[in-house]
Amino acid sequence: MAYLAPRLGISRIFPHRVAVFRLLCTVGMEDMGLAVGRSALERLDFDNVVLKKLPIDPSEEPGVRLVKGACFSRVKPEPLKNPRFVAVSHEALALLGLDGDQVLNDPLGPEYLSGSKVMPGSEPAAHCYCGHQFGQFAGQLGDGAACYLGEVKIPPGQNPELLRENPSGRWEIQVKGAGLTPYSRKADGRKVLRSSIREFLCSEAMFFLGIPTTRAGSVVTSDSKVIRDVYYSGNPCYERCSVVLRIAPTFLRFGSFEIFKPADEFTGRQGPSYGQEEIRGQMLDYVIGMFYPEIQQNFPDQVERNVAFFRELMCRTARLVAQWQCVGFCHGVLNTDNMSVLGLTLDYGPYGFMDRFDPDFICNASDNSGRYSYKAQPAICRWNLVKLAEALAPELPTDRAKAVIDEYLDQFNRYYLENMRKKLGLLKKEEPEDEILITELLRTMHDTGADFTNTFRSLAQISCSPEGETEQDEEIVKKATELLLEQCASLDELKSANTPTMDPRELAMLLSMAESNPALFEMISDRATIAKQLDRMSKLKVLMETSQEELRGRQAQEWTSWIKLYRKRLALELEGQSDALAVQEERVRVMNSTNPRVVLRNYIAQNAIEAAENGDFSEVQRVLKVLEKPFSSQPGLELPAWVGSHGSTAQGERDEGEEQQQQGASASPTAIDPVPYDSKPPAWARQICVT
């Protein structure tokens, strides 16, 4: 690939002259020559404070083990065979003072940013933490695939806003997929191209949506391979080992404080550092002093300081989940070990952006109970805060923690309404009926199977006018209804969405058991699950007796009713305003900068993954460009890279290390039927399964 061409430094071009020159240099000039000869990655200024402030595991023996009395273990990343870049984020690398093009052209770049070669000043380590997974305490977890490389001092000239969000003065960098650590459990410490591309793209997508998140600087793939059973079907295959470079002020999480937990009453597991509570105090001092300096400065009393920290983290968490809900993002694995102590979106696994609006949307196919469904996220984050409070006691008194947690729901609702008003363009007034208007919008979207992202984006096209029905208003309502009908689900889509996932015979058995043996029923199922299945059956029965024309008529009626309510509320925005046109222009501007045109839908990520697995990295790079401006139309970036002007496919940049695909390999569905990045997903996207 052209952008991977080696860049020859001075020492490579004139090796003998440089040697002679160095002999003649003074000590100062010698240092300067070394600096000039080193690459930008080799000149990164590391200051690995967390390893100085928190205890490190004295053992460096290889293999999985229980780590007691330590927050980190030193590790040795396992080199990859022939590492090479898939893509880099220029914006994320700039946080470290790096130029993306220079990194791409650095012959050692893929080695350094995959952990295959250790940069000067880097101290590879893995973090020890615990966690509640799907509601149960799992004991020691830790960085099973991630590897801390160190903390890079923030270079001069950084955006002041970024410095405000990261007052520590350093960026922690990690490589994910760099091999075994003491916390790898039964895994191999490796990640593959699929998961690495998904994490890379979503980390950056969330940042450009304005949502607090860890960042991703690069993806590296290789000729090293591991066996994975992609569909858990008993048909494993070899996949390429790949590594993501992750960047954040810190990757400490709620579960970092659970290593002191006594034996859990349900699972019997306990934290590896139970009984060594003095470390908890050290961790609190480090987190608050380093990342919450204002709280450290303003609260000399330690208890009050800890309460203020917990309240700020509660507010950040409430704001974060409100932002998730407002873009239709579902995390998928909201365990306590995936919750950041800075209120950042952390660990991108089986996440998903909602297509058709469904409050019960589950993005993780492994989440059979729906514990981490879209609608459950606010409550789950509160539950996780309760577990963090338990882990911080007695440094955080229980009664004080409870008082803070009691504020959570009000905080979430405040942030959610604030965001939703912007999404609807309600900027001049806050009316009591706004909550009803939002609730009715979501109900209508659910009933009509409307696309979440595109419906909100379309609302800016609905004009407002002073109250009073006119013929012109009727025409506006009609056009607005037609606009939103384009985003509604078809009859077949709704039938598919409402087909029960449970076999009718199993459902009948469980219903009978619920009546005859309630205790046994509660052990193997729950009433909410059964109610959901019955609701689906009821809706499917109605749909089976409905034609496409009848459905469209009902959808039009529902949207017409809501649009009239919406325009009535918009009219209130014009009351007392001398310049109605200016009000409308501001409304459209705010809505179009709040409601994204494009998000990282699963099918978009899947297209990029399939292309990369076939050796073409250009689609990953193209999707990143699209996601960097999610609120704007970008001419020339409407369709996937391989689609020509007449729907034909064009050859993208190929991975030089990729083998030729076997004959008969099936083409990507999108190559046959391409859709724009900002469109509703194609029918085949419903088959994508993420676990």
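On a predicted model such as this, the values are computed, not experimentally measured, just so you know. For the numbers below, each heavy atom of this structure counts, side chains included, while hydrogens, waters and symmetry mates do not.
Relative ring orientation between Phe134 and Tyr372 is described as tilted, the plane-to-plane angle lying within the 30° to 60° band. Under the 30°/60° scheme for interplanar angles, the aromatic rings of Tyr351 and Phe353 are found to stand perpendicular. The aromatic rings of Trp559 and Trp562 stand perpendicular to each other, their planes meeting at an angle above 60°, with 30° marking the opposite boundary. Ring-plane geometry between His331 and Phe329 is classed as perpendicular, the angle between the planes exceeding 60 degrees on a 0 to 90 degree scale with a lower cut at 30.
Enclosure of atom CD in Glu435 is not indicated, since only 12 or fewer non-hydrogen atoms of other residues, nucleotides or ligands lie within 6.0 angstrom. For Gln557, the CD atom is loosely surrounded, since the number of other residues' heavy atoms within 6.0 Å does not exceed 12. A 6.0 Å sphere centred on NZ of Lys422 holds no more than 12 heavy atoms belonging to other residues, nucleotides or ligands. The environment of CE in Met537 is sparse: at most 12 heavy-atom neighbours from other residues, nucleotides or ligands sit within 6.0 Å. Surrounding CD of Glu430 are at most 12 heavy atoms belonging to other residues, nucleotides or ligands under 6.0 Å away. Annotation: Lys429, atom NZ; neighbour count of heavy atoms from other residues, nucleotides and ligands within 6.0 Å is above 12.
Looking at Glu545 and Lys541, a side-chain N of the basic residue comes within less than 4.0 Å of a carboxylate O on the acidic one, giving a salt bridge. A salt bridge links Arg316 with Glu312: at least one charged nitrogen is closer than 4.0 Å to a carboxylate oxygen. Under a 4.0 Å N-O distance rule, the pair Arg319/Glu418 does not qualify as a salt bridge. At a threshold of 4.0 Å, the pair Glu493-Arg686 counts as salt-bridged, since one of the basic side-chain nitrogens sits closer than that to a carboxylate oxygen.
Looking at Val219 and Leu201, their side chains never come closer than 4.5 Å, going by heavy atoms from C-beta outward. Within the 4.5 Å cutoff, no side-chain heavy atoms of Ile604 are placed close to those of Val626.
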In residues 476-484, what donor-acceptor pairs under 3.5 Å come from side-chain atoms, sequence neighbours left out?
residue, atom, partner, partner atom, Å
Thr481, OG1, Val477, O, 2.8
Thr481, OG1, Thr560, OG1, 3.1

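To the nearest 0.5 angstrom, Leu494 atom CG is 9.5 Å from Asp447 atom CG. Atoms NZ and OG, from Lys495 and Ser490 in turn, are 9.5 Å apart once rounded to the nearest 0.5 Å. Annotation: the span from Arg622 atom CZ to Leu637 atom CG amounts to 5.0 Å, rounded to 0.5 Å. Distance OG1/Thr444 to CZ/Phe357: 10.5 Å, rounded to 0.5 Å. Rounding to the nearest 0.5 angstrom, the gap separating the CD1 atom in Ile211 from the CE atom in Met206 is 4.0 Å.
The two residues Gly332 and Asn364 make their nearest non-hydrogen contact at O-ND2, 3.3 Å. Nearest approach of Thr448 to Cys488, heavy atoms of both residues: O-CB, 3.5 Å. Across all non-hydrogen atoms, the minimal contact from Ala608 to Ile197 is O-CD1, 4.4 Å. Of all non-hydrogen atoms in Leu93 and Gly217, the two that sit nearest each other are CG-O, 3.7 Å. Nearest heavy atom pair, residue Arg587 against residue Tyr566, reads NH2-OH, 3.4 Å. For the residue pair Arg601 and Met354, the shortest heavy atom distance occurs at NH1-O, 4.4 Å.
Put simply, the residue from Asp451, Thr455, Asp358 that forms a side-chain contact (heavy atoms from CB on, under 4.5 Å) with Met445 is Thr455.
For Asn595 (side chain) and Phe456 (main-chain N/O), a donor-acceptor pair under 3.5 Å exists by modelled atom type. When atom types are taken as modelled, the side chain of Gln584 and the backbone of Cys464 share a donor-acceptor pair closer than 3.5 angstrom.
There is a side-chain donor-acceptor pair under 3.5 Å between Gln411 and Arg414. Of the N and O atoms on the side chains of Asp616 and Ser618, at least one donor lies less than 3.5 Å from an acceptor on the other residue. For the residue pair Gln533 / Arg536, no side-chain donor-acceptor distance below 3.5 Å is found, with atom types taken as modelled.
Scanning for side chain to side chain contact (heavy atoms under 4.5 Å, CB included) contacts around Ser679 gives Tyr603, Val675, Pro676, with sequence neighbours left out.
Pairs passing the side chain to side chain donor-acceptor pair (under 3.5 Å) check and including a residue from residues 197-218, sequence neighbours excluded, read Ser89-Glu204, Lys176-Glu199, Arg198-Asn602, Glu199-Arg246, Glu204-Arg215, Thr213-Tyr348.
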